[in-house]
Amino acid sequence: MPTETNKVSDLLDHYDPVHESPRLPTEPCPTSAPKPRPFLDISRLITASFLSLTTTHFAFGDDSNSNMDSFLNRIVVTATRTPEDESQIGSSFSQLTGEELQTEQIDDLKTALNATPGVFALETGARGGFTTVSIRGTDPSYTLFLVDGMRVNTGIFDNGAPFLAYAQNFNLDTITIVRGPYSTLYGSDAIGGVVSLATHQGSGTPTATGFGEYGTYDSFKAGLISSGLIGKIAYSFDYVHDETANARPNNHLREDGYSFRLDIPLTDSLTIGVTARGEFGRYGEPSSNRPVDIPFDDPNAKATGETNLVTLFVNWKTTDWWQQHLILGAYNERYTFVDPPIPSEFFTGSVYIGKAFNFETDWQNTFQITSKNTAVAGATYYLEAGHDNSFPQQEENNFALYLQDLWEIIPNLTLTAGGRYDHYQLAGNAFTYRFSAAYLIDATKTKLRASYGTAFKAPDLFDTFSTAAFALGNRGLRPETSQGYDVGFDQYLWEGAVTLSASYFQNLIHDVIAFIPASPVTGSYQNQNSGETYGIETEIRLNPVKNWQTRAAFTWTESYFTASGITQRNPDIPRYLFSLDTNYKFFNVLTVGFGALFSGQQIAEDFSFFPAKYVRLNDYWVLRTYARWQVNDHLAFTFRVENLSDQHYYTTIGFPALGTAVFGGAEIHF
């Protein structure tokens, strides 16, 4: 059971909320007519099976007694907007630290997310391809991405694809994933859940690390990372250049990423700061490798993506019982797709350009009513603007008020309730609410939890303003809405050395925006479809001795949509997902690790048929291994192998993933 020193009244003294966003068709070529995104689904299947996780005996060392602090008392902010220890969180969540991602040599966001329950990152082909992320089988546009509190989902790319294609994991404190409807705290797009990235806050003596890596497919990576304290000012930054030729002609990727954070304490109770993060990528798109697609594809197409984000924040401990957090944030993105002429097909070429801008200000107030009761109240103003080839610059704004109360009503039983009102300039109003409960059985170290909530997604700018005859916008669209719940448990064994988690979830979606054809070449968008997802998430985390860490996850997902009275399974959502990572540090100098990812029973839409038909993709296993040798305090060598078994597989029809790739590198610390 957490000690009183871990309660909210003490945590608030160190609270930092920053520590804890024309539409292209699914095919990568934006010059073809847009088709409806994979719409959320409804199903009448009533089958549910429960996965039992078992463990074998471990010989625990003396260090195992400290593990309860690292698991049961993990501090989470995203789930409630306040820093809470794990025993009080009634929601299903995962948290990855920058340190463990560095140990596992996972440098990109999509790979990190694939290692968590209920999350699937879909990449078009090799590194740098179009990327989206689904949580609990929902449409990728139902996953909200936050970077230092600022949303990066935009009115042009509501699925965050330009950000995801090049997003790196350097200079991060945490990646937190909360699953289930979360609009009550974060507004639009959070139907499936929220992914929140927090830039590292510097501390201690300034340090810096320079590194380089070279590998298969002419891959090269180099960067510099530094953080620390200069006087009382905390800083951190990184700059990384990464490139690879990948395996196919015209498939070269070049990307540059940076991040920066400053924390400036003005008084003991007042801190101001700034964060910034951005990426720029250039990618050669060779299109599909299937003979049936080649006459319609351009193997010389190229894409570029650029994203930049900056936030200014103020943390003010106004009184012992009242804290204020103010954030002003801006995010912009630009995506281009150049499709050169194909004389043999009488195609003259085209250029797609999409630009988007978000501005957001959020004022959060946290009130410590009693040592057992914490209330959060705040207001948010949000503006999104953008355009692509199909319509000129447009914008829409939103104003929201939110309120939440977290109360440990009796020892070990914590209840959370919240509500939010959003008013959109065109889409109208949305009211959402959420309840959760967590109860820790102290005798067995078992946490029982449950949550129920509603969420919504406002129409994006393309759905609303497009002037293209083949995809005409509709200014009368309503927000898409959902209701979802989950029930589960977390079992802590051997003083926290082993943690077992399992959840059953269900999500119902209504008023889904669908493309309604008016003729073979024209159509518009309407609130017409509905959907349902349900399934089971399980996870095991092991830390039996100080230098050995393992985590594994298994997810079963059923995802369906209903259109015109017909229910079908959603494409691009695997029914079964399994991930594993385990590593051990020998003699405190040599870390050796192994990872695995399995995807089973995924279907996809094949557009070489008219109308398009659903086809089953092959199941696949992807294995990886890695090692790091710490020579001394200033020098380390790294080694890793991706796709160890040279598995040939597709997550998108016609776009093969990379085969075996070997990398070696060095780090210099000073």
Side-chain angles (χ1 to χ4, degrees), residues 22-27 29-42 132 134 138-144 153-161 183 187-189 191-192 335 352 354-356 384-398 422 424-430 455-482 508-531 560-568 570-572 605 607 611-612:
R23 175 202 308 271
L24 283 182
T26 299
E27 308 96 312
C29 176
T31 58
S32 58
K35 70 174 194 327
R37 62 178 181 256
F39 299 116
L40 237 323
D41 356 74
I42 196 159
T132 57
S134 168
T138 61
D139 187 270
S141 65
Y142 296 159
T143 300
L144 175 62
N153 305 61
T154 66
I156 303 299
F157 291 95
D158 55 1
N159 54 19
S183 289
S188 179
D189 306 335
I191 287 178
Y335 180 85
Y352 173 89
K355 296 181 180 179
E384 63 179 15
H387 72 88
D388 70 0
N389 294 25
S390 69
F391 64 95
Q393 179 86 9
Q394 298 285 354
E395 64 181 44
E396 183 171 19
N397 62 53
N398 171 53
D422 284 82
Y424 274 83
Q425 182 179 2
L426 292 177
N429 305 327
F456 76 98
K457 181 191 179 303
D460 64 30
L461 296 179
F462 183 89
D463 295 337
T464 306
F465 296 109
S466 173
T467 59
F470 56 79
L472 191 63
N474 179 358
R475 299 193 182 202
L477 291 172
R478 304 183 305 276
E480 302 170 80
T481 61
S482 77
L508 302 175
I509 300 97
H510 309 283
D511 292 326
V512 175
I513 296 172
F515 175 77
I516 308 301
S519 74
V521 294
T522 62
S524 64
Y525 291 94
Q526 304 288 337
N527 292 97
Q528 177 167 301
N529 291 356
S530 59
Y560 298 88
F561 72 94
T562 297
S564 302
I566 300 174
T567 298
Q568 301 183 67
N570 256 327
D572 304 324
E605 287 183 276
F607 291 93

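Residue numbers start at 1 and run along the sequence shown.
Not a single donor-acceptor pair under 3.5 Å links the side chain of Ser530 to the backbone N or O of Ile509. Side-chain atoms of Asp158 never come within 3.5 Å of backbone atoms of Asp460 as a donor-acceptor pair (strictly under, hydrogens ignored). When atom types are taken as modelled, the side chain of Ser482 and the backbone of Ile191 share no donor-acceptor pair closer than 3.5 angstrom. The backbone N or O of Thr154 lies less than 3.5 Å from no partner atom in the side chain of Glu384, so there is not a single donor-acceptor pair. Although no hydrogens or angles enter the test, the distance criterion places no donor-acceptor pair under 3.5 Å between the side chain of Glu396 and the main chain of Thr464. Gln394 places no side-chain N or O within donor-acceptor distance of the main-chain N or O of Leu461, the cut-off being under 3.5 Å.
Ser524 contributes atom OG, which lies 13.0 Å from atom CZ of Phe470 (distance to the nearest 0.5 angstrom). Taking CD of Glu395 as the reference point, atom CD of Gln425 lies at 7.0 Å (rounded to 0.5 Å). Atom CG of residue Asn474 and atom CD1 of residue Ile513 lie 8.5 Å apart, to the nearest 0.5 angstrom. Here the CG atom belonging to Asn389 is positioned 10.5 Å from the OG atom belonging to Ser466, to the nearest 0.5 angstrom. The CG atom of Asp463 sits 11.0 Å away from atom CD of Gln526, with the distance rounded to the nearest 0.5 Å. Considering CZ of Phe465 and OG of Ser390, their distance stands at 11.5 Å, rounded to 0.5 Å.
Between Ile156 and Phe391, the closest side-chain pair of non-hydrogen atoms falls below 4.5 Å. Looking only at side-chain heavy atoms (C-beta outward), Tyr424 and Asn398 come within less than 4.5 Å of each other.
The nearest pair of heavy atoms linking Ala514 to Asn529 is CB-ND2, 3.4 Å. Pairing each heavy atom of Pro459 with each of Leu477, the nearest pair is CG-CB, 3.7 Å. Looking at every heavy atom in both residues, Asp511 comes nearest to Pro479 through CB-O, 3.9 Å.
Between Phe462 and Tyr525, the ring planes lie perpendicular to each other; the angle is over 60°, past the 30° to 60° tilted range.
A salt bridge does not link Lys457 with Asp139: none of the charged nitrogens is closer than 4.0 Å to a carboxylate oxygen.
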